[in-house]
Amino acid sequence: QVQLVESGGGLVQPGGSLRLSCAASGFTLDYYAIGWFRQAPGKEREGVSCISSSDGSTDYADSVKGRFTISRDNAKNTVFLQMNSLKPEDTAVYYCAATLRTNPLCRPRSYAYWGQGTQVTVSS
């Protein structure tokens, strides 16, 4: 069965870095677009960054552009999110998700398969 498992979250000070991992099992992620999403308390889930299955093109939310980098290692069936220059407003539960859609928008409704989430807290 399709399964996605996030890891790498934790507590970090403002300006620090974290690297999130999304390990896939039950399918090969080569054919899937993968997205990272986050949800803060009292807020709707939002797209952070997405990477396509075809040409590897990437999308980033304006709020993280220049600070976050999404990448994939198909040999390890894993997608990463490198998070630098973290801010308190980045605090949220981060989810990875997958879809077979062609050229999906980087929004939750475009994605069918979801991980359980990992907590990221940015605080002094």
Side-chain angles (χ1 to χ4, degrees):
Q1 57 183 353
V2 174
Q3 186 175 19
L4 297 166
V5 179
E6 303 95 334
S7 62
L11 176 64
V12 65
Q13 292 185 330
S17 298
L18 286 173
R19 189 194 194 206
L20 305 184
S21 298
C22 176
S25 62
F27 68 102
T28 56
L29 59 74
D30 309 53
Y31 308 110
Y32 289 76
I34 306 295
W36 285 98
F37 302 85
R38 67 187 182 187
Q39 188 165 23
K43 297 183 178 180
E44 294 185 355
R45 192 168 300 182
E46 64 175 349
V48 177
S49 182
C50 296
I51 186 166
S52 72
S53 61
S54 55
D55 59 2
S57 62
T58 57
D59 287 329
Y60 296 93
D62 288 341
S63 59
V64 307
K65 199 168 297 181
R67 300 188 296 121
F68 292 9
T69 303
I70 190 170
S71 62
R72 63 196 304 161
D73 186 340
N74 288 345
K76 295 183 177 180
N77 219 27
T78 302
V79 175
F80 304 96
L81 184 68
Q82 180 66 47
M83 309 164 67
N84 298 326
S85 302
L86 284 162
K87 305 174 180 179
E89 52 263 43
D90 295 319
T91 296
V93 177
Y94 283 70
Y95 302 87
C96 69
T99 183
L100 283 171
R101 286 188 175 190
T102 301
N103 298 320
L105 296 175
C106 194
R107 63 183 184 181
R109 281 190 166 269
S110 296
Y111 286 76
Y113 305 102
W114 291 81
Q116 84 289 347
T118 185
Q119 177 71 48
V120 172
T121 302
V122 185
S123 176
S124 299

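Only this structure's heavy atoms are used, side chains among them; waters, hydrogens and symmetry mates stay out.
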(request) Taking ring pair (Phe, Tyr, Trp, His ring centres under 6.0 Å) as the test, write out the residues that go with Tyr32, two or more places apart. (result) Phe27

(request) Supply the atom-to-atom distance Ile51 CD1 to Leu29 CG, rounded to the nearest 0.5 angstrom. (result) 9.5 Å

(message) To check you understand the geometry: which heavy-atom pair defines the closest contact between Ala40 and Thr91, and what is its length?
(response) CB-O, 3.6 Å

(request) Return the minimal non-hydrogen interatomic distance between Thr99 and Pro104, and the atom names on each side. (result) CG2-CG, 3.8 Å

(message) Can you pull out every salt bridge (charged side-chain N to carboxylate O under 4.0 Å, His left out) where at least one residue sits in residues 83-104? Sequence neighbours excluded, please.
(response) Arg38-Asp90, Arg67-Asp90

(message) Would you say Tyr95 ends up clustered with Leu81 if hydrophobic residues are merged whenever their side chains have heavy atoms under 4.5 Å apart, either directly or through other cluster members?
(response) no

(message) Give me each pair satisfying disulfide bond (SG atoms under 2.5 Å apart) with a member in residues 2-89, each pair once, sequence neighbours excluded.
(response) Cys22-Cys96, Cys50-Cys106

(message) I need the minimum non-hydrogen distance between Ala24 and Leu4, along with the two atoms involved.
(response) CB-CD2, 3.7 Å

(message) Going by salt bridge (charged side-chain N to carboxylate O under 4.0 Å, His left out), name the pairs with one or both residues in residues 6-32, residues two or more places apart or in two chains.
(response) none

(message) Test of understanding: clusters of I, L, V, M, F, W, Y form through side-chain heavy atoms closer than 4.5 Å, transitively. Do Val5 and Phe80 belong to the same one?
(response) no

(message) Which heavy atom of Tyr111 sits nearest to which heavy atom of Ala33, and what is that distance?
(response) CE2-O, 3.5 Å

(message) Once rounded to the nearest 0.5 Å, what's the spacing between atom CE of Met83 and atom OG1 of Thr69?
(response) 11.0 Å

(request) Tell me who clusters with Leu11, hydrophobic residues only, linked when side chains sit under 4.5 Å apart either directly or through other members. (result) none

(message) Taking Ile70 as the starting point, is it possible to reach Leu86 by hopping between hydrophobic residues whose side chains are less than 4.5 Å apart?
(response) yes

(request) Considering non-hydrogen atoms only, spot the tightest contact between Phe68 and Tyr60 and give its length. (result) O-CE2, 3.2 Å

(message) Among residues at least two apart in sequence or on other chains, which ones pass side-chain hydrogen bond (donor to acceptor under 3.5 Å, both in side chains) with Ser110?
(response) none

(message) Rounded to the nearest 0.5 Å, what separates atom CZ in Arg109 from atom CZ in Arg45?
(response) 12.0 Å

(request) Could I get the full list of side-chain hydrogen bond (donor to acceptor under 3.5 Å, both in side chains) partners for Ser17, not counting sequence neighbours? (result) Asn84

(request) Tell me, please, which residues at least two apart from Ser52 pass side-chain hydrogen bond (donor to acceptor under 3.5 Å, both in side chains). (result) Asp55, Ser57

(request) Identify, with sequence neighbours excluded, every residue that meets salt bridge (Lys or Arg N to Asp or Glu O under 4.0 Å) alongside Asp59. (result) none

(request) Could you list all the salt bridge (charged side-chain N to carboxylate O under 4.0 Å, His left out) pairs where at least one residue sits in residues 69-86, not counting sequence neighbours? (result) none

(request) Quick one: list whatever passes ring pair (Phe, Tyr, Trp, His ring centres under 6.0 Å) with Tyr94, sequence neighbours left out. (result) none

(message) Once rounded to the nearest 0.5 Å, what's the spacing between atom CD1 of Ile34 and atom OG1 of Thr58?
(response) 14.0 Å

(message) Going by the rule side-chain hydrogen bond (donor to acceptor under 3.5 Å, both in side chains), which residues pair with Lys65 if we only count those two or more places apart in sequence or in a different chain?
(response) Asp62

(request) Kindly give the heavy-atom pair with the smallest separation between Asn77 and Thr28, and that separation in Å. (result) OD1-CA, 3.6 Å

(message) Rounded at 0.5 Å granularity, tell me how far CD in Gln82 sits from CG in Leu18.
(response) 8.5 Å

(request) State plainly whether one hydrophobic cluster holds both Trp114 and Val79, where clusters connect Ile, Leu, Val, Met, Phe, Trp and Tyr through side-chain heavy atoms under 4.5 angstrom apart. (result) no

